[in-house]
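The structure appears below as structure tokens.
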Amino acid sequence: MSKLTLSMIVKNESHRYLRTALIKHRDWIDEAVIIDDGSTDDTVEICKELLTGIPLQLIQNAESRFSNEVILRKQQWEETIRTNPEWILNLDADEIMEDQFAKQVADLLSQCEQDVVYFRLYDMWNETCYREDAYWSAHHTYRPFLLRYKPNFPYLWKETAQHCGRFPATINQFSYVCHPARVKHFGWANAEDRKMKYERYMRLDPNAQFGWKEQYESILDDQPRLIKWEE
């Protein structure tokens, strides 16, 4: 059986989606590596509680590193490969694989000939609908979430303070396959989170050097186009 390592960054997730994510995923992962990026709530305790019985490496940063995301992602990567992983599933604390994936993951890992598995990510705008318009169409593109680790490969990063990617940039040289299972992203699913993220982008990237200015401005749209999620 192939070993599957869940790799995740968390910060102050106790009242958001961490519980749901860990409960959904714990049944089919073999170990977890979690970077706590300066939480001041009980996020760490939740991780320990819900991953009881699963090997867990939990690293706590005294101060958040998110303002320079590539530093944080490099830390996540280094701590993850330190465990000698086979397959790495890199999910954020507000990203949840759809239910059908639990029945597919074992066959995928045992039969996959490629080294990276790409999935589509859907930006949920509430608990039951995702957003789709000119600025919000991430789900039209497959993105890497699952990687077979190759110890001797030269892993290099996109050296940007924001939007650096969750994996080293050089994995784009690996063979890959696109999988039909979808990822539900709840990071935009309530108005308070959207306001907080908008303000953070305005603070960290006011000139949209690392992102898309029009998309930043669309975060607070009053009536976005929403489509109901269907399992």
Side-chain angles (χ1 to χ4, degrees), residues 7-13 16-17 21 35 37 64-77 89-98 116-147 155-174 176 178-179 181-229:
S7 181
M8 182 179 285
I9 294 171
V10 298
K11 181 181 179 181
N12 291 339
E13 309 287 351
R16 300 184 71 248
Y17 304 95
I35 306 294
D37 194 42
S64 175
R65 299 181 174 183
F66 188 76
S67 60
N68 193 350
E69 185 184 1
V70 69
I71 299 299
L72 182 57
R73 289 297 187 181
K74 284 180 177 180
Q75 180 190 21
Q76 178 190 16
W77 174 255
L89 178 65
N90 192 325
L91 292 174
D92 290 343
D94 53 15
E95 294 172 345
I96 299 173
M97 300 298 302
E98 66 175 324
V116 190
V117 185
Y118 286 54
F119 302 90
R120 290 166 296 165
L121 178 135
Y122 287 70
D123 287 313
M124 306 299 292
W125 226 250
N126 56 45
E127 296 294 325
T128 58
C129 297
Y130 61 91
R131 181 169 176 176
E132 181 176 84
D133 54 37
Y135 302 117
W136 298 88
S137 56
H139 52 283
H140 291 172
T141 303
Y142 285 84
R143 303 164 190 273
F145 285 86
L146 180 61
L147 171 75
Y155 294 99
L156 302 175
W157 287 83
K158 179 182 177 183
E159 297 285 348
T160 58
Q162 297 291 304
H163 309 297
C164 63
R166 67 185 70 211
F167 285 121
T170 44
I171 70 160
N172 63 12
Q173 300 174 35
F174 288 4
Y176 69 91
C178 295
H179 194 276
R182 300 167 295 172
V183 183
K184 302 171 77 172
H185 176 219
F186 287 95
W188 306 98
N190 68 66
E192 182 178 337
D193 282 348
R194 291 194 291 272
K195 183 174 183 292
M196 179 184 68
K197 285 194 172 188
Y198 172 80
E199 292 172 349
R200 186 178 70 202
Y201 284 135
M202 292 301 99
R203 183 176 68 255
L204 297 179
D205 192 18
N207 299 316
Q209 180 181 356
F210 306 111
W212 183 9
K213 183 174 184 293
E214 288 79 8
Q215 186 188 47
Y216 288 170
E217 293 173 346
S218 75
I219 291 172
L220 302 181
D221 284 354
D222 291 332
Q223 295 183 320
R225 180 173 182 263
L226 302 183
I227 299 177
K228 186 174 177 58
W229 174 271

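Computation of the quantities below employed the complete heavy-atom set of this structure, encompassing side-chain atoms and omitting hydrogens, waters and symmetry-equivalent molecules. Computed from a predicted structure; not experimentally measured.
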Once you round to the nearest 0.5 Å, how far does CZ of R131 lie from OG of S218? 4.5 Å
Please answer whether the main-chain N or O of I71 pairs with a side-chain N or O of R65 as donor and acceptor at a distance below 3.5 Å. no
Sequence neighbours left out, what passes ring-ring contact (aromatic ring centres under 6.0 Å, His included) with Y176? Give chain and number order. Y118
Please tabulate, for the side chains in residues 195-203, all donor-acceptor contacts under 3.5 angstrom to protein atoms that are two or more places apart in sequence or on a different chain.
from : atom 1 : to   : atom 2 : distance (Å)
K195 : NZ     : E199 : OE2    : 2.6

Are the side chains of F174 and L147 in touch, meaning some heavy atoms are under 4.5 Å apart? yes
What one should report as the nearest heavy-atom pair of I227 and R225 is CD1-NH1, 3.7 Å
Mind checking whether H139 and D123 have side chains closer than 4.5 Å, heavy atoms only? no
Please tell me if the side chains of N126 and L226 come closer than 4.5 Å, counting only heavy atoms from C-beta onward. yes
Flag side-chain contact, heavy atom, 4.5 Å: P224 against W136: no
Does atom CD of E159 have more than 12 heavy-atom neighbours from other groups under 6.0 Å away? yes
L91 vs M97, test: side chain to side chain contact (heavy atoms under 4.5 Å, CB included). Steps then yes/no. CA-CA 9 Å; L91 292 174; M97 300 298 302; 4.1 Å; yes
Enter the distance from E95:CD to L89:CG here, rounded to the nearest 0.5 Å. 9.5 Å
For a quick test of reading the model, state the closest non-hydrogen atom pair linking Y135 to D133 and the distance between them. N-OD1, 2.9 Å
Is it the case that the ring center of W125 lies less than 6.0 angstrom away from the ring center of Y130? no
Would you say T170 and Q173 make side-chain contact, with heavy atoms under 4.5 Å? yes
Tightest non-hydrogen contact, residues A21 and A93, listed as CB-O, 3.8 Å
Inspect the contact between D193 and R16 and indicate whether a charged nitrogen and a carboxylate oxygen are less than 4.0 angstrom apart. yes
Does the pair R73 and W157 meet the rule for a side chain to side chain contact (heavy atoms under 4.5 Å, CB included), with working shown? CA-CA 9 Å; R73 289 297 187 181; W157 287 83; 3.6 Å; yes
Between E132 and S137: side-chain donor-acceptor atoms closer than 3.5 Å: no
I need the I35 CD1 to S7 OG distance, nearest 0.5 Å. 7.0 Å
If we only count heavy atoms from C-beta on, is the L204 to S67 side-chain gap below 4.5 Å? yes
Apply side chain to side chain contact (heavy atoms under 4.5 Å, CB included) to the pair N90 and F167, showing each step before the final yes or no. CA-CA 8 Å; N90 192 325; F167 285 121; 3.5 Å; yes
L121 and R166 have their tightest heavy-atom pair at CD1-NH2, 4.5 Å
Should the pair F186 and Y17 be assigned to parallel (<30°), tilted (30 to 60°) or perpendicular (>60°) ring geometry? parallel
Reported NZ-to-CD distance for the pair K213 and Q209, which is rounded to 0.5 angstrom: 15.0 Å
With rounding to the nearest 0.5 Å, note down the distance linking CD1 in I9 to CD in E69. 7.0 Å
Rounded to the nearest 0.5 Å, what separation is found between the CG atom of D92 and the NZ atom of K11? 14.0 Å
Can you name the nearest heavy-atom pair linking C129 to K228, along with the distance? SG-CA, 3.9 Å
Check: F119 ring centroid to H179 ring centroid under 6.0 Å: yes
Tell me yes or no: between the side chains of N190 and E127, is some donor less than 3.5 Å from an acceptor? no
Carefully, step by step, assess M124 and W188 under the rule side chain to side chain contact (heavy atoms under 4.5 Å, CB included). CA-CA 6 Å; M124 306 299 292; W188 306 98; over 6 Å; no
Could you check whether any side-chain N or O of D221 sits under 3.5 Å from a backbone N or O of Q223, counting only pairs where one atom can act as donor and the other as acceptor? no
Answer yes if the side chains of Y216 and D205 hold a donor-acceptor pair under 3.5 Å, and no otherwise. yes
Between Y122 and V183, is there a side-chain heavy-atom distance shorter than 4.5 Å? no
W212 to A134 - nearest heavy-atom pair and separation: CH2-O, 3.4 Å
Does the side chain of F66 come within less than 4.5 Å of L72's, by heavy atoms? yes
Checking D37 against S64: is there a side-chain donor and acceptor pair closer than 3.5 Å? yes
